[in-house]
Amino acid sequence: MRGMTSIAALALVASVAFAGQPIISGLAHVIDGDGIAFSGIEVRMQGIAAPEDNGARREPGGPESTAHLRALAEGRFVACRLDGTRTRGRPVGICSIDGIDLGEAQVESGHARDCRHFSKGRYAEAEHRARTAGRDLAAIYSLPGYCVP
């Protein structure tokens with residue numbers, strides 16, 4: 001069993017080239033509303049900002065954001081196309097399940113916001129749809145300074 005675990009861990013963190021961008025994939029463990037881990041390696045989801053939900057800091061909407069991403073991704077096969085950057089030591093990427101962008105799902109459901117500085121507006125329409133549907137996260141969660149250039 002120990003050998004199988006090592007092989008599985010290697011398969012999870014192996015990156016492959018896809019259109020010039022590395023991919024990390026495997027069974028996901030949700031860390032918070034914008035963080036997913038694979039075999040202990042956390043990936044920060046690119047282009048979104050979710051309220052904090054960790055032991056040191058919990059913001060309004062944070063536990064709900066984490067719970068929503070957990071319902072979408074926990075234990076499921078997730079692929080993250082890394083963008084080559086890192087934040088707080090974590091690789092950054094756009095993560096998806098079966099072609100569904102998890103960042104967009106978080107924003108459209110009102111559990112994260114479009115971080116335009118990094119998304120270049122990729123999730124602006126999803127945030128507009130959330131607001132129109134009465135799921136305006138901006139009412140309780142201001143964008144962090146790093147999202148506004």
For this session: Might you work through the side chain to side chain donor-acceptor pair (under 3.5 Å) test for D32 and T66, ending with a clear yes or no?
Result: CA-CA 5 Å; D32 58 20; T66 300; 5.7 Å; no
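- The heavy-atom pair separating D53 from P63 by the smallest distance is OD2-CA, 3.5 Å.
- E125 meets the salt bridge (Lys or Arg N to Asp or Glu O under 4.0 Å) test with no other residue; sequence neighbours excluded.
- Applying the ring-ring contact (aromatic ring centres under 6.0 Å, His included) rule to pairs touching residues 117-136 yields nothing, sequence neighbours excluded.
- With sequence neighbours excluded, the residues forming a salt bridge (Lys or Arg N to Asp or Glu O under 4.0 Å) with E59 are R57, listed by chain and number.
- Identified under the salt bridge (Lys or Arg N to Asp or Glu O under 4.0 Å) test for residues 92-101, with sequence neighbours left out: R76-D98.
- Pairs engaging residues 23-61 under the disulfide (SG to SG under 2.5 Å) rule: none recorded [sequence neighbours left out].
- Applying the side chain to side chain contact (heavy atoms under 4.5 Å, CB included) test to A105 and every residue at least two apart in sequence or in another chain returns L72.
- Between the side chain of Q106 and the backbone N or O of G33, at least one donor-acceptor pair lies under 3.5 Å.
- Evaluation of the disulfide (SG to SG under 2.5 Å) test over residues 44-93, restricted to residues two or more places apart or in two chains, returns C80-C95.
- Scanning both residues, S25 and A79, for their nearest heavy atoms gives CB-CA, 3.8 Å.
- In terms of heavy atoms, V107 sits closest to A130 at O-CB, 3.5 Å.
- When only modelled atom types and interatomic distance are considered, Q46 and R122 share a side-chain donor-acceptor pair under 3.5 Å.
- R131 is linked by a side-chain hydrogen bond (donor to acceptor under 3.5 Å, both in side chains) to D136, counting only residues two or more places apart in sequence or in another chain.
- At distances below 3.5 Å, not a single donor-acceptor pair connects side-chain atoms of R81 with backbone N or O atoms of I94.
- Checked against ring pair (Phe, Tyr, Trp, His ring centres under 6.0 Å), H68 has the following partners two or more places apart in sequence or in another chain: H111.
- With sequence neighbours excluded, the residues satisfying side-chain hydrogen bond (donor to acceptor under 3.5 Å, both in side chains) with T85 are D83.
- Checked against side-chain hydrogen bond (donor to acceptor under 3.5 Å, both in side chains), R135 has no partners two or more places apart in sequence or in another chain.
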Please table the atom pairs, donor to acceptor, closer than 3.5 Å between any side-chain atom in residues 142-149 and protein atoms at least two apart or in another chain.
unit_1 : atom_1 : unit_2 : atom_2 : d
Y146   : OH     : R44    : NH2    : 3.0

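- Nearest heavy-atom pair across A73 and A28 is O-CB, 3.6 Å.
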